[in-house]
Amino acid sequence: MTDASADRRPHVLLSVAMSIDGHIDDRTPERLLLSSPEDFDRVDQLRADSDAVLVGAGTLRSDDPRLLVNSPERQAAREARGLPAQPLRVALTGSGDLDPGLRFWHHGGDRVAYAPDAAVAKLAERLDGLAEVVGTGPGLDPGAVLDDLGARGVGRLMVEGGSAVHTLFLTAGLVDEVQLAVAPFFVGDDAAPRFVRAGTFPQDALHRMTLAGTGALGDTALLRYTVARPPLSAADRHWLALAIEESRLCPPSETAYSVGAIVVAADGTELARGHSREDDPRTHAEEAALAKLDPADPRLGTATLYSTLEPCSRRASRPVPCAQLIRASALRRVVLAWREPGLFVANCEGVELLEQAGFAVLECPELAAAARSVNAHLV
Ligand SMILES: NC(=O)c1ccc[n+]([C@@H]2O[C@H](COP(=O)([O-])OP(=O)(O)OC[C@H]3O[C@@H](n4cnc5c(N)ncnc54)[C@H](OP(=O)(O)O)[C@@H]3O)[C@@H](O)[C@H]2O)c1
Ligand SMILES: [Zn+2]
């Protein structure tokens, strides 16, 4: 993810449920239920938090899933945020041979199907308007899929399988996060589908990914891993440096940090900026910038919040900490210069809170010293 277009690619969360012996299905025609009810509810929330959900042709043929947000409350919450009730639903096929009778094409809202260029005409004819059909070049290119989804404003993509599609995204180095639910039983059949197929995985996935969280949902274990972070772009450094300039405008305080925050759309348009105490001694920079945004602005899903300091997870000044305010917004990407030192509140967990909500959070260590220098009287 180093070229310029990569800046607009969505955050990719790969979600899978498997048995203890690593299978994601058995060989019976019926879909194998792996997760607990509590884990199905987590998957429903993940879908509701995504701009798009993606599935492969093999899964569509074998399971005939609808891939919908089931909870009416979650659908209503999306609509209250100015989003469609259902995320964009995305299908991948190599052959273009997808049955127009599948349930996937007859529920929810917008649908798009990606196929190699040579299969586009056949697929478009078969689907006859049930989904937009887009070519990805000579092969089924997952990078081209992400470029196209990013251009449509998709900030968060949830990849829901199956084996071939998981392998395609992982081996291309395009996955930011893996959420793996492990069900407490064995399938015991070498020929049953596995989580992934053989392939050349990127170094970070082949060696050790970062274990970002563990949990129990009923009898199902949940493991969250983050894979290599995309490097910061020159544009990220530029905007973070401007946020540091903004932090110099803060009225001085002996009891609070001077922080600057700027929200920038994916196309480089500045949407809002703010600094600590700009209108009230209790105001934080991120809060000031967020207050100037239109919550229904469709650019927010792919915009970035630049903050000179880690957003607070606890605060004395007001009831809602900045990490919660950011989570409640449509934003899903945060770039920061400096992790909060435990000076005013112990153990800031702003980054963890954002990552748990699926945010891409990037740090820029080379600008940390500049962000700190604005607070030299405190630290
Ligand atoms: N437990 C879980 O969390 C979970 C989730 C989803 C699925 N599943 C299971 O996964 C199984 C299906 O897995 P699967 O691997 O057969 O299907 P899949 O990954 O859903 O889809 C595979 C299809 O995608 C296309 N494709 C993928 N990579 C490609 C490439 N590099 N080049 C060209 N085309 C490519 C091909 O489409 P064409 O065939 O059209 O050429 C291929 O047949 C099912 O048993 C399902 O129940 C389990
Ligand atoms: Zn704050």
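One-based numbering, in listed order, for ligands and for the atoms of each. As the structure is a prediction and not an experimental result, all values here were calculated from the model.
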Checklist line | Ring-face cation contact, F104 with R89, 6.0 Å cut, 45° max | finding: yes
Check: Okay, side chain of R31, backbone of D63: is any donor-acceptor separation there less than 3.5 Å?
Finding: no
Checklist line | Location of contacts on T93 toward ligand 1, heavy atoms closer than 4.0 Å | finding: both
Next item on the list: Pull out every atom of ligand 1 sitting under 4.0 Å from any heavy atom of L34, numbered as shown with elements.
Entry: 1 (N)
Next item on the list: Give the residue and atom name of whichever protein heavy atom lies nearest to atom 3 (O) of ligand 1, and the separation in Å to one decimal.
Entry: A17 N, 2.9 Å
Next item on the list: Could you tell me whether ligand 1 has any atom less than 4.0 Å away from a heavy atom of R31?
Entry: no
Margin query: Would you say L249 ends up clustered with V264 if hydrophobic residues are merged whenever their side chains have heavy atoms under 4.5 Å apart, either directly or through other cluster members?
Written below: no
Notebook entry, point to check: atom 27 (C) of ligand 1: which protein heavy atom is closest, and how many Å away?
Noted result: A164 CB, 3.8 Å
Next item on the list: Could you tell me whether the side chains of S163 and R197 share a donor-acceptor contact shorter than 3.5 Å?
Entry: no
Note to self: With 2.8 Å as the threshold, which protein atoms of type N, O or S lie near the Zn ion (ligand 2)? Leave waters out.
What the structure shows: H284 ND1, C312 SG, C322 SG
Next item on the list: Select one of side chain, backbone, both or neither to describe which atoms of D63 lie under 4.0 Å from any atom of ligand 1, heavy atoms only.
Entry: side chain
Next item on the list: Mind listing the closest non-hydrogen atom pair of H11 and A360 along with its distance?
Entry: ND1-CB, 3.8 Å
Checklist line | For atom 41 (O) of ligand 1, the option (of A115, S95, G56) bearing the nearest heavy atom | finding: S95
Margin query: Please identify which of these residues, Q75, E73, R74, meets the side chain to side chain donor-acceptor pair (under 3.5 Å) condition with S71.
Written below: E73
Notebook entry, point to check: Is D279 atom CG crowded by more than 12 heavy atoms from other residues, nucleotides or ligands, each under 6.0 Å away?
Noted result: yes
Next item on the list: Using a distance threshold of 4.0 Å (strictly less than), state whether atom 36 (C) of ligand 1 has a protein heavy-atom neighbour.
Entry: yes
Check: Taking everything shown except E125 itself, do over 12 heavy atoms lie less than 6.0 Å from its CD?
Finding: no
Check: Can you tell me which residue and heavy atom of the protein come closest to atom 18 (P) of ligand 1, and the distance to 0.1 Å?
Finding: G162 N, 3.4 Å
Checklist line | S163 contact mode with ligand 1 (heavy-atom cut-off under 4.0 Å) | finding: both
Notebook entry, point to check: Any side-chain heavy atom of D189 within less than 4.5 Å of one from H23?
Noted result: no
Next item on the list: Run the numbers for me: atoms of ligand 1, each under 4.0 Å from some heavy atom of D25, listed by number.
Entry: 44 (C), 45 (O), 46 (C), 47 (O)
Item checked: For V16, atoms of ligand 1 separated by under 4.0 Å from a heavy atom -> 3 (O)
Next item on the list: Specify the closest pair of heavy atoms between R282 and E287, including all atoms of both residues, with the distance to one decimal.
Entry: O-OE1, 4.0 Å
Check: How close does the nearest protein non-hydrogen atom get to atom 23 (C) of ligand 1, and which residue and atom is it?
Finding: G58 N, 3.7 Å
Notebook entry, point to check: Any Lys/Arg nitrogen of R126 or D97 sitting under 4.0 Å from an Asp/Glu carboxylate oxygen of the other?
Noted result: yes
Check: Which part of L60 is near ligand 1, with near meaning a heavy atom under 4.0 Å away: side chain, backbone, both or neither?
Finding: neither
Checklist line | Heavy-atom nearest neighbour in the protein, as seen from atom 25 (C) of ligand 1, with distance rounded to 0.1 Å | finding: G94 N, 3.7 Å
Checklist line | Backbone N/O of L354 and side chain of R327: donor-acceptor pair under 3.5 Å | finding: no
Notebook entry, point to check: Does V55 reach ligand 1, in the sense of a heavy atom lying below 4.0 Å from it?
Noted result: no
Margin query: Does the residue R197 have a heavy-atom contact with ligand 1, meaning some pair of atoms that are separated by less than 4.0 Å?
Written below: yes
Item checked: Sidechain-backbone polar pair: Q86 side chain, L68 backbone, donor-acceptor under 3.5 Å -> no
Notebook entry, point to check: Where does I24 meet ligand 1, judged by heavy-atom distances below 4.0 Å: at the side chain, the backbone, both, or neither?
Noted result: both
Note to self: Could you identify the single nearest non-hydrogen protein atom to atom 7 (C) of ligand 1 and state the distance to 0.1 Å?
What the structure shows: T59 OG1, 3.1 Å
Next item on the list: Of the side chain and backbone of P193, name the one, both, or neither that has a heavy atom under 4.0 Å from an atom of ligand 1.
Entry: side chain
Next item on the list: Flag the pair R152 and D110 as a salt bridge only when some basic side-chain nitrogen lies within less than 4.0 angstrom of an acidic carboxylate oxygen.
Entry: no
Note to self: Test side chain to side chain contact (heavy atoms under 4.5 Å, CB included) on Y306 and L242; report intermediate values, then the result.
What the structure shows: CA-CA 9 Å; Y306 296 92; L242 284 182; over 6 Å; no
Note to self: Show me which atoms of ligand 1 lie under 4.0 Å from any heavy atom of L168.
What the structure shows: 28 (N), 31 (N)
Next item on the list: Give a yes or no answer on whether the side chain of T220 reaches the backbone of S36 with a donor-acceptor pair at less than 3.5 Å.
Entry: yes
Next item on the list: Using a strict 4.0 Å cut-off to heavy atoms of G161, name the atoms of ligand 1 that fall inside it.
Entry: 6 (C), 20 (O)
Next item on the list: For atom 26 (N) of ligand 1, grab the closest protein heavy atom and report residue, atom and distance to one decimal in Å.
Entry: L140 CD2, 3.6 Å
Check: How close does the nearest protein non-hydrogen atom get to atom 43 (O) of ligand 1, and which residue and atom is it?
Finding: R61 NH1, 4.2 Å
Checklist line | Side-chain donor/acceptor of T308 to backbone N/O of A371, under 3.5 Å | finding: no
Check: Between R78 (side chain) and A85 (backbone), is there a donor-acceptor pair under 3.5 Å?
Finding: yes
